[in-house]
Colleague: 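Quick one: the structure is below, and I'll ask about it shortly.
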Amino acid sequence: MNMEKRKDKEYEIFKIKKKGKEKTIKIPSSSEKKPVTKKQIKEENKILRNILITVGILGIISLLIYLSIVSAKSFEYEGISFEIEKYCDSGPCITLYKTSIPVKYKDGVTGRIVDADYNIRLRNDPRDLKNVPVEGKIDFRKNIVLEITTEDLFCDGDWNLAIGNLQKLNIFGMTLLVKNNNETYEPENEFMFIKIQPNDITNIIEVNKNNYNLNVNNCEILEVTERLIVEAFIKFNELN
């Protein structure tokens, strides 16, 4: 391969001969390049600035979209973090509101104490449960004694869910008992007595220092029991 080089005013011209064929390549002469003007520099800086501004705006928009998606799936109520979960496997979708508290338990295999999260899921948005009035102050005790009248409170299975929720209060060290009139509950300061009963309004009423009525209207058994559970979480959060 032979290569011949020559110059003219504007180009460096290369002639390449290979296998009997000649090819001409023109490259702008570096000596003839026009100097960059201040106007060109200004225009290029303007273009770069606009590109950076556009990239920044797109980044902010992406961040806002991400934060809106995350906030739509979680929220905080009275210092308690909740996550919104939706289940649509079969039939109508079910929305649950999950919160967790840290617990320690003994591993049955290793015998070690393990740190974990205990999850509780509510059927009602805790922010809406404030619509269930609480008259008085709820003072949680070591033992909860339930007096129940279930004749009008089965409510298409909601009764079982409600009692199951109340049993989860044992995570706070509380024991759930069904009232037995033949039993004596002492010492008194270790017991709180709860009566669940139908009423024309759904609310929680402090009858005296350790007696409470959970009144249920229109089968709102889940609403009133979940309001009690949220109050327990708030109390636990304040203490810890």
Colleague: How many angstroms lie between CG in Asn180 and OG1 in Thr184, if you round to the nearest 0.5 Å?
Modeller: 9.5 Å
Colleague: Between Ile204 and Asn213, is any pair of side-chain heavy atoms under 4.5 Å apart?
Modeller: no
Colleague: Considering non-hydrogen atoms only, spot the tightest contact between Asn237 and Gly79 and give its length.
Modeller: ND2-O, 3.5 Å
Colleague: If we ignore angles and hydrogens, is there a donor and acceptor under 3.5 Å between the side chains of Asn119 and Ser100?
Modeller: yes
Colleague: More than 12 heavy atoms of other residues, nucleotides or ligands under 6.0 Å from NZ of Lys209: yes or no?
Modeller: no
Colleague: Whether Glu231 and Arg227 form a salt bridge (side-chain N of Lys/Arg under 4.0 Å from carboxylate O of Asp/Glu) is what I want to check.
Modeller: yes
Colleague: Report whether Ile221 and Ile201 are members of the same hydrophobic cluster (ILVMFWY, side-chain heavy atoms less than 4.5 Å apart, transitive linking).
Modeller: no
Colleague: Would you mind listing every ring-ring contact (aromatic ring centres under 6.0 Å, His included) that reaches into residues 39-63, with sequence neighbours excluded?
Modeller: none
Colleague: To the nearest 0.5 angstrom, please state how far the OG1 atom of Thr225 sits from the CG atom of Leu129.
Modeller: 9.0 Å
Colleague: Membership question, hydrophobic clusters at under 4.5 Å side-chain separation (ILVMFWY): are Met192 and Ile205 in the same one?
Modeller: no
Colleague: Does Leu214 form a side-chain contact (heavy atoms from CB on, under 4.5 Å) with Lys195? I'd like the steps, not just the answer.
Modeller: CA-CA 6 Å; Leu214 268 60; Lys195 184 177 182 180; over 6 Å; no
Colleague: Just how far is it from atom CG of Leu96 to atom CD of Glu85, taken to the nearest 0.5 Å?
Modeller: 6.5 Å
Colleague: If you measure from CD1 on Ile229 to CD1 on Ile171, what distance do you get to the nearest 0.5 Å?
Modeller: 12.5 Å
Colleague: Strictly under 6.0 Å, is that where the ring centroids of Phe82 and Phe75 end up?
Modeller: yes
Colleague: Assess whether side-chain contact (heavy atoms from CB on, under 4.5 Å) is satisfied between Leu146 and Leu166, documenting all intermediate values.
Modeller: CA-CA 10 Å; Leu146 285 181; Leu166 290 178; 4.1 Å; yes
Colleague: Members other than Val55 in its cluster, when Ile, Leu, Val, Met, Phe, Trp, Tyr link by side-chain heavy atoms under 4.5 Å?
Modeller: Ile47, Ile51
Colleague: Of the non-hydrogen atoms in Ile144 and Ile194, which two are nearest, and what is the gap between them?
Modeller: CG2-CD1, 3.6 Å
Colleague: Would Phe154 and Val224 show up in the same hydrophobic cluster when neighbours are defined by side-chain heavy atoms closer than 4.5 Å?
Modeller: yes
Colleague: Without hydrogens or angle criteria, can the side chains of Asn203 and Asn215 be said to hold a donor-acceptor pair below 3.5 Å?
Modeller: yes
Colleague: Closest approach of Glu206 and Asn208, non-hydrogen atoms and distance?
Modeller: CG-O, 3.1 Å
Colleague: Can you list, by chain and residue number, the hydrophobic cluster partners of Phe191 when the side-chain cut-off is 4.5 Å?
Modeller: Val145, Leu177, Tyr185, Phe193
Colleague: Between Ile196 and Val216, does a side-chain contact (heavy atoms from CB on, under 4.5 Å) hold up when you go through it step by step?
Modeller: CA-CA 7 Å; Ile196 305 177; Val216 180; 4.1 Å; yes
Colleague: Just wondering, do Glu76 and Ser81 contact through their side chains at under 4.5 Å, heavy atoms?
Modeller: yes
Colleague: Atom CG in Asn165, atom CZ in Arg123: separation rounded to 0.5 Å?
Modeller: 8.5 Å
Colleague: If you look at every heavy atom in Ala232 and Leu169, which pair is closest and at what distance?
Modeller: CB-CD2, 3.7 Å
Colleague: I need the Asn218 CG to Asn199 CG distance, nearest 0.5 Å.
Modeller: 12.5 Å
Colleague: Applying ring-ring contact (aromatic ring centres under 6.0 Å, His included), which residue pairs with at least one partner in residues 195-219 are found, sequence neighbours left out?
Modeller: none
Colleague: Which pairs, with at least one residue in residues 125-143 and sequence neighbours excluded, count as a side chain to side chain donor-acceptor pair (under 3.5 Å)?
Modeller: Asp125-Arg127, Asp139-Arg141
Colleague: Would you check, one step at a time, whether the test side-chain contact (heavy atoms from CB on, under 4.5 Å) holds for Leu228 with Phe140?
Modeller: CA-CA 10 Å; Leu228 185 69; Phe140 291 95; 4.0 Å; yes
Colleague: Transitively linked via ILVMFWY side-chain contacts under 4.5 Å: Ile84 with Ile94?
Modeller: no
Colleague: Which atom names give the shortest non-hydrogen contact between Pro133 and Thr202, and what distance separates them?
Modeller: CD-O, 3.3 Å
Colleague: Only pairs at least two apart or in different chains count here, so list each ring-ring contact (aromatic ring centres under 6.0 Å, His included) that has a residue in residues 214-240.
Modeller: Phe172-Phe233, Phe172-Phe236
Colleague: Do Leu153 and Cys219 have side-chain heavy atoms sitting under 4.5 Å apart?
Modeller: no
